[in-house]
Amino acid sequence: RKEVEQDPGPFNVPEGATVAFNCTYSNSASQSFFWYRQDCRKEPKLLMSVYSSGNEDGRFTAQLNRASQYISLLIRDSKLSDSATYLCVVSMEYGNKLVFGAGTILRVKS
Amino acid sequence: NAGVTQTPKFQVLKTGQSMTLQCAQDMNHNSMYWYRQDPGMGLRLIYYSASEGTTDKGEVPNGYNVSRLNKREFSLRLESAAPSQTSVYFCASALAGLSYEQYFGPGTRLTVT
């Protein structure tokens with residue numbers, strides 16, 4: 001089983017749609033969780049950290065379910081500029097490293 | 001404030017050649033990382049340096065060596081390049097530890113023929 005698993009997509013959605021991505025992780029001891037965004041042929045950039053209580057940043061909402069070991073990202077009112085690959089990232093304390101999922105591709109179309 | 005810079009941006013090597021990828025950060029970060037990214041796979045950690053003077057292996061260290069030259073600079077060396085090392089290489093830095101945001105450089109696209 002992969003340490004971090006994501007649905008690769010692509011998710012093709014119209015502008016204004018709501019889209020949700022899920023991610024599962026294998027290590028129950030993981031402490032830190034993030035969503036990164038990566039544009040085509042660019043470097044990853046932090047979109048948001050994910051906290052146990054859930055957190056929201058504008059149109060983006062991230063949630064963590066420790067019992068089921070999954071993380072979600074909800075994007076409301078999708079914009080063309082949201083088109084990118086979204087990377088789920090989880091810390092693995094035993095190896096002192098972050099593990100990146102392979103990413104979910106989002107394409108927002110007009 | 002340039003953030004994380006990497007050189008070169010592109011490189012083509014023949015099998016068996018060696019090269020060093022350079023990375024520098026100007027954010028006074030303690031931790032630095034080297035990743036590779038291959039199609040359909042997540043970024044995989046090659047080596048990291050938790051602080052100046054220390055380096056540790058990541059998930060895929062074979063065929064690579066690193067040097068943390070000072071707090072700012074962290075280089076990655078391929079001693080004898082192989083086609084399996086064709087990839088995009090990203091350097092990243094973080095203030096300290098895993099709970100902090102990692103800032104990435106623009107990447108080096110390496111092709112080994």
Side-chain angles (χ1 to χ4, degrees), chain A residues 1-10 21-27 29-52 55 57 60 62 64 71 73 84-105, chain B residues 2-7 9-10 21 23-25 27 29-51 54-61 66 87-111:
Chain A
R1 181 184 172 186
K2 288 184 182 177
E3 291 176 294
V4 177
E5 293 201 68
Q6 297 182 249
D7 181 342
F21 305 139
N22 290 326
C23 165
T24 57
Y25 61 95
S26 62
N27 188 341
S30 296
Q31 295 294 321
S32 302
F33 308 90
F34 310 89
W35 283 101
Y36 278 70
R37 171 194 168 127
Q38 186 173 24
D39 293 314
C40 188
R41 301 179 74 83
K42 297 286 192 179
E43 72 272 22
K45 293 184 180 179
L46 181 68
L47 178 66
M48 57 199 306
S49 300
V50 187
Y51 305 116
S52 296
N55 46 305
D57 183 2
F60 299 84
L64 168 64
I71 307 152
L73 177 68
T85 298
Y86 290 83
L87 307 175
C88 174
V89 184
V90 176
S91 68
M92 296 291 173
E93 309 302 334
Y94 62 85
N96 193 26
K97 63 177 183 178
L98 293 181
V99 177
F100 287 74
T104 298
I105 297 170
Chain B
V4 180
T5 57
Q6 290 182 238
T7 56
K9 286 188 168 51
F10 301 94
L21 282 63
C23 173
Q25 52 91 9
M27 295 175 283
H29 285 171
N30 291 302
S31 302
M32 297 186 74
Y33 307 84
W34 276 106
Y35 294 92
R36 60 178 288 174
Q37 186 174 36
D38 301 295
M41 304 184 74
L43 279 81
R44 291 182 292 168
L45 184 65
I46 305 171
Y47 270 94
Y48 67 97
S49 172
S51 61
T54 68
T55 60
D56 285 287
K57 295 179 180 179
E59 183 183 356
V60 288
V66 290
S87 189
V88 181
Y89 291 85
F90 288 103
C91 177
S93 71
L95 184 60
L98 300 178
S99 60
Y100 292 90
E101 175 182 0
Q102 291 195 3
Y103 294 80
F104 285 81
T108 295
R109 295 184 179 277
L110 175 67
T111 301

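Convention: sequence-line order gives letters A, B, ...; per-chain numbering from 1.
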Applying a strict 4.5 Å limit to non-hydrogen atoms, the region of P44(A) in contact with chain B is both
Between V90(A) and S30(A) the two heavy atoms that sit nearest each other are CG1-OG, 3.2 Å
Q) Hey, does the side chain of Q6(B) reach the backbone of Y89(B) with a donor-acceptor pair shorter than 3.5 angstrom? A) yes
Per-residue tally against chain B (heavy atom, under 4.5 Å) across L46(A), V4(A), L87(A) peaks at L46(A)
Distance col, row L64(A):CG vs S32(A):OG, nearest 0.5 angstrom, shows 10.5 Å
Exercise. Does any N or O in the side chain of S87(B) come within less than 3.5 Å of the main-chain N or O of Q37(B), such that one atom is a donor and the other an acceptor?
Worked result: yes
Query raised in the report: Does any non-hydrogen side-chain atom of Y48(B) lie less than 4.5 Å from one of L98(A)?
Result: no
Honestly, the part of R44(B) sitting under 4.5 Å from a heavy atom of chain A is neither
Applying a strict 4.5 Å limit to non-hydrogen atoms, the region of Y103(B) in contact with chain A is neither
When the 4.5 angstrom heavy-atom criterion is applied to Q38(A) and chain B, the contacting part is side chain
When the 4.5 angstrom heavy-atom criterion is applied to F33(A) and chain B, the contacting part is neither
